[in-house]
Amino acid sequence: MLQVNYIRENRAKVLEGLTLRNFKQPELVDEIIKTDEERRQIQTSLDNLSAIANSSAKQIGELMRNGKKDEAEALKAETTSNKELIKNLSEDFAAAETKLHSLIVQLPNLPYHLVKAGSTPEENEIVSVHGEPAALGEKALPHWELTAKYDIIDFELGTKITGAGFPVYKGKGARLQRALINFFLDHATAEGYREMQVPHLVNEASGFGTGQLPDKEGQMYHVGIDGLYLIPTAEVPVTNLYRDVILKEEELPVKNTAYTPCFRREAGSYGAHVRGLNRLHQFDKVEIVQVVHPDQSYEVLENMSAYVQSLLQKLGLHYRVLRLCAGDMGFTAAMTYDMEVWSAAQQRWLEVSSVSNFETYQSNRLKLRFKGATGKTQLAHTLNGSALALPRIVAAILENNQTEKGIKIPEALVKYTGFEYID
RNA sequence: GGAGGGAUGCCUGAGUGGCCGAAAGGAACAGUUUGCUAAACUGUCGUACUGGCAACGGUACCGAGGGUUCGAAUCCCUCUUCCUCCGCCA
């Protein structure tokens, strides 16, 4: 959520940023400024009236203590008339705040200056490409055939238990999942992230804090009876750990990592592109999250990107790094790098990680601040990234590493799987 | 699930209708003193909105939301959460 004061003082910049994003309702900005103006006017009147009421109440107390009952009663009568006014103004004030909030929540984050205009995935910038595509013969199979061939992932079985998009991992398939989770977690820990285990269901306040609510309401599974949501990513619980927290400056940067399953409704996406492991309703992911000093957040973003890339390199995957264009970025991000691995059998790039700097967009919602040497509290910057999301990594490993002898497990992973081939 | 007891500032903890944005102690920070460390002494020490060029003010907040009252940390209602006991259970 953008800060009202910032919007008020930087109207032109805000509009410019929104335009870059192709934001459809720039008129919201002026509406926000206008509502804020009203809000402040009401507050001024309300504060003045309250000040009078407070001093009257004090006087009445004074008079009572001195036994001047008549005078006290007279003053009481006078004050009563103010009450109605204060009550009305308070209601107006609350209404203005609610309105302001509901408006400001509709504005996405502003893109960082390096982010280019654009609205479609095709307009994303390719920052770099690493490795070579695996050279596969004519007989190369897509992963959904490989998983059936080696009986390691069962999509139909999952359908019976739950529905489409909830696969069952079997034997070496299950073991591969566990190996990847440990591999990612071990590396994150070595990189200085603290491993956390967090709830997989979150309340509404948490959903709001990281920006899933109210924007992406329909993307999350909702446990209505308890008012809870299944997490679409560990970002939600891990970042919300710091909701309503004022950190000491020396506690920064905060670096946490967590493995969680992720649940996404993915309403309305069907077809060839979502076959197999390409898009699931439940999948596993290791996430890295940082809370940092505003001066450092872009440096940290680069570090996180480099870290994620180091994982892809260790797994021997051909990948590329994209800087998302303004219109393709998530609502809450100021800058995002996507990492995509090459799926040799499908002949397409698969997104396996998204690393973003949210600047103060989340921290403003979360009230996540730090107190600096000057004693001033200010909003921290938050960042997070997948490191990594499993299904598409699995898809790429299966497809790119298929051989006559079976699926060859990447060298770095063998000590985690305990086997070299899936056959 | 049932019964009872709590929730106050960074921490401990006082406060049961006005003089309380909140005692006291501790921690932390700054300074004085000191050969160094320690101790002692002095000062600072919540958040947010808002008025003002500033100096300096105003308002709100004592788990959350409502209510009573001229006036609420204090009384009433609802909710959340923690603790103790009972029941159930991985």
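Residue numbers start from 1 in every chain, and the chains themselves are labelled A, B, ... in the order their sequence lines are given, proteins ahead of strands.
- Backbone-only engagement by A:K371 is indicated by non-hydrogen atom pairs under 4.0 Å involving sugar-phosphate atoms exclusively.
- Under the Watson-Crick or G-U wobble criterion, with both distances below 3.5 Å, B:rU78 is paired with B:rA64.
- When the P atom of B:rU69 is taken as reference, atom CE of A:M64 falls 14 Å away, rounded to whole Å.
- B:rG17 is unpaired under the Watson-Crick or G-U wobble criterion, no partner having all donor-acceptor distances under 3.5 Å.
- Nucleotides B:rC45 and B:rU37 place their P atoms 27 Å apart, quoted to the nearest Å.
- Taking the P atom of each, B:rU16 and B:rG1 are spaced 35 Å apart, rounded to whole Å.
- Base-pair partner of B:rC88: not found among the strands shown (Watson-Crick or G-U wobble, both distances under 3.5 Å).
- Checking A:D36 against A:A77, the closest nucleotide of RNA chain B that is more toward the 5' end is the one next to A:D36.
- Under the Watson-Crick or G-U wobble criterion, with both distances below 3.5 Å, B:rG71 is left unpaired in every strand shown.
- Of the possible donor and acceptor atoms, none in the side chain of A:Q290 sits under 3.5 Å from a partner among the backbone N and O of A:K255.
- As the counterpart of B:rG43, B:rC29 is assigned, both hydrogen-bonding distances of the Watson-Crick or G-U wobble pattern falling under 3.5 Å.
- Whole-Å rounding puts the A:E37 CD to B:rG51 P distance at 9 Å.
- Remark: A:S81 is not in phosphate contact with B:rC70, judged by side-chain N or O atoms under 4.0 Å from OP1 or OP2.
- Within a 6.0 Å sphere centred on CD of A:E27, other residues, nucleotides and ligands contribute more than 12 heavy atoms.
- Contact between the side-chain N/O atoms of A:R8 and the OP1/OP2 oxygens of B:rU50 is found at a separation under 4.0 Å.
- Taking the charged nitrogens against the carboxylate oxygens, A:K285 and A:E287 do have a contact shorter than 4.0 Å, which makes a salt bridge.
- Taking the six-membered ring where tryptophan is involved, the planes of A:H281 and A:Y221 are perpendicular, since the angle between them exceeds 60° and thus also 30°.
- Atom CZ in A:F331 sits 7.5 Å away from atom CD in A:Q106 (nearest 0.5 Å).
- Summarising the local packing, CD of A:E195 is surrounded by more than 12 heavy atoms from other residues, nucleotides or ligands at distances under 6.0 Å.
- Take the nearest nucleotide of RNA chain B for A:S56 and for A:I246: the residue whose nucleotide is more 5' is A:I246.
- The shortest distance between the side-chain N/O atoms of A:R369 and the OP1/OP2 oxygens of B:rU47 is not below 4.0 Å.
- Tested against A:D423 for a salt bridge (Lys or Arg N to Asp or Glu O under 4.0 Å), the candidates A:K149, A:K405, A:K172 yield a single pass: A:K172.
- Spacing of P atoms, B:rU68 relative to B:rG13, comes out at 34 Å, to the nearest Å.
- Remark: B:rA48 base-pairs with B:rU59; criterion is Watson-Crick or G-U wobble with both hydrogen-bond distances under 3.5 Å.
- Between the C1' atoms of B:rG9 and B:rA23, the separation comes to 12 Å (whole Å).
- Side-chain contact check for A:E359 versus A:N357: some heavy-atom pair is nearer than 4.5 Å.
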Could you run through nucleotides 56-61 of chain B and give me one letter per nucleotide, 5' to 3': B if any protein heavy atom sits under 4.0 Å from the base, S if only the sugar-phosphate is that close, - if neither?
-> --BSS-

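- Spacing between B:rU78 and B:rU84 at atom P, rounded to whole Å, works out to 25 Å.
- Taking atom P on both nucleotides, B:rA72 is separated from B:rA64 by 16 Å, rounded to a whole Å.
- If you measure from atom NZ of A:K248 to atom C1' of B:rC29, you get 12 Å, rounded to the nearest angstrom.
- Taking the C1' atoms as reference points, B:rA27 lies 24 Å from B:rC82, given to the whole Å.
- Across the strands present, B:rA54 finds no partner; the criterion is a Watson-Crick or G-U wobble pair with both atom distances under 3.5 angstrom.
- When Watson-Crick and G-U wobble pairs are counted only if both distances are under 3.5 Å, B:rA22 pairs with no nucleotide at all.
- Among the protein residues, A:L75 comes within range of no part of the nucleic acid, since none of its heavy atoms lies under 4.0 Å from any strand.
- With salt bridges taken as basic N to acidic carboxylate O contacts below 4.0 Å, none links A:D30 and A:K34.
- Comparing the C1' positions of B:rC49 and B:rG87 gives a spacing of 49 Å, expressed to the nearest Å.
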